[in-house]
Amino acid sequence: MMAQTPGNSDNTDESSDDLRVRMIELIMSLRTAGIRDTKVLAAIERVPRHLFVNSAFSQRAYSDIALPIECGQTISQPYIVAYMSELLKVSDRHKVLEVGTGSGYQTAVLSHLARRVYTIERYRTLGQDAEARFVELHLSNITAMIGDGTEGWPTKMDFDRIIVTAAAAEIPKPLLDQLRPDGIMVIPVGVAGGTQHVVRATRVGDELKFEKFHEVRFVPLVPGKAQQL
Ligand code: SAH
């Protein structure tokens, strides 16, 4: 269900029926593109993506495309959000860490799949805007912070699942260290602006197993907190 129901005020000019139709079309296109996990599709369906983009782009919020957000970053394409969420195999018992909050769209999708989501963003503007959306949408199982996600969560927690939504040249070791036994991490690996692939790391006992999936194009994972806001 989308957040808008007839009679509710919302901040677009479109009727909730139009938004509902667009959402159904988006879900159908994700199915056609190969997303099979019904829990992931249901989670996508619960997140009103038009609230995560600048109003100038709200007409295209339910198209399966990435769009620009503040600070020169992007909100991921819904297919990629669905695809990476599927690879992550999240259950409602899981504590998930996300690096790269951005608009908060992927975070919101995960919040419907996981027990709790911790998310880190290096730009204060993005982190604060995302947090305002979580409050507006009553997503109470998200903890957001501003910082450098390549260092992992500062209080050194163990996570069942870790997702990175920016491309890394190499998987940051502090993140692998925060992955608990049987934990799974999904991260785009490769050069910024060049070829990147989604990699899934699974902790099996003392070993890590790596699998390579789709080619993708993400903004780079940049170490350190952003100097500019
Ligand atoms: N999941 C987001 C995608 C945002 S793009 C969404 O659905 O909208 C990736 C984000 O990662 C950007 O906002 C960028 O600022 C952030 N990022 C890059 N390096 C980071 C780091 N070291 N720590 C935290 N966030 C980082």
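In each ligand, atom 1 is the first atom listed, and ligand 1 is the first ligand listed. All of these numbers come straight from a predicted model, not from anything done at the bench.
Residue V99 places no N or O, backbone or side chain, under 3.5 Å from any N or O of ligand 1.
Of the protein's non-hydrogen atoms, the one nearest atom 23 (N) of ligand 1 is G149 N, 2.8 Å. The protein heavy atom nearest to atom 22 (N) of ligand 1 is V222 O, 2.7 Å. If you check which protein heavy atom lies closest to atom 11 (O) of ligand 1, you get G100 CA, 3.1 Å. Of all protein heavy atoms, the one closest to atom 24 (C) of ligand 1 is R122 N, 3.4 Å. The protein heavy-atom contact nearest to atom 9 (C) of ligand 1 is T165 O, 3.3 Å.
Residues P188 and V216 share a closest heavy-atom pair of CB-CG2, 4.0 Å.
Using cut-offs of 30° and 60° for the angle between ring planes, the H50 and Y62 rings count as tilted.
Close approach to L221 involves these atoms of ligand 1, each under 4.0 Å from a residue heavy atom: 18 (C), 19 (N), 20 (C), 21 (C), 22 (N). Annotation for ligand 1: atoms under 4.0 Å from non-hydrogen atoms of G147 are 23 (N), 24 (C). Set against the non-hydrogen atoms of Y123, the atoms of ligand 1 under 4.0 Å away are 15 (O). Interface of Y105 with ligand 1, defined as ligand atoms under 4.0 Å from a residue heavy atom, comprises 7 (O). The distance from ligand 1 to the heavy atoms of I75 drops below 4.0 Å at these ligand atoms: 8 (O).
For E70 and T125, the side-chain atoms include no donor-acceptor pair closer than 3.5 Å. Neither side chain, T101 nor Q106, offers a donor N or O lying under 3.5 Å from an acceptor on the other.
Note: L87 CG to F213 CZ = 5.0 Å, rounded to the nearest 0.5 Å. If you take CG on L67 and OG on S76, they are separated by 10.5 Å, rounding to the nearest 0.5 Å. Between M84 atom CE and L88 atom CG the span is 8.0 Å, to the nearest 0.5 Å.
Judged by the shortest distance from any of its heavy atoms, T107 lies outside the 4.0 Å radius around the atoms of ligand 1. Not a single heavy atom of K225 sits closer than 4.0 Å to an atom of ligand 1.
Contact check for T150 versus V99: no side-chain heavy atoms found under the 4.5 Å cut-off.
Within 6.0 Å of atom NZ in K212, 12 or fewer heavy atoms from other residues, nucleotides or ligands are found, so the atom counts as exposed in its surroundings. The 12-atom threshold is exceeded at CZ of R200, counting heavy atoms of other residues, nucleotides or ligands nearer than 6.0 Å.
The option from M84, E70, Q73, R49 that lies nearest to atom 14 (C) of ligand 1, judged by heavy atoms, is Q73. Here atom 13 (O) of ligand 1 lies nearest to E121 when heavy atoms of Q106, E98, E121, Q77 are compared. Among G102, C71, S103, the residue whose heavy atom sits closest to atom 8 (O) of ligand 1 is S103. In this structure, of L67, L110, T74, the residue bringing a heavy atom nearest to atom 3 (C) of ligand 1 is T74.
Contacts between L126 and ligand 1, counted as non-hydrogen atom pairs separated by less than 4.0 Å, involve the side chain only. By the criterion of a heavy-atom distance under 4.0 Å, the side chain of V219, and not its backbone, is placed next to ligand 1.
For the pair Q77 (side chain) and Y79 (backbone), a donor-acceptor distance under 3.5 Å is absent.
Figure legend: R180 and F159 shown without cation-pi pairing, the cationic atom not lying both under 6.0 angstrom from the six-membered ring centre and within 45 degrees of its axis.
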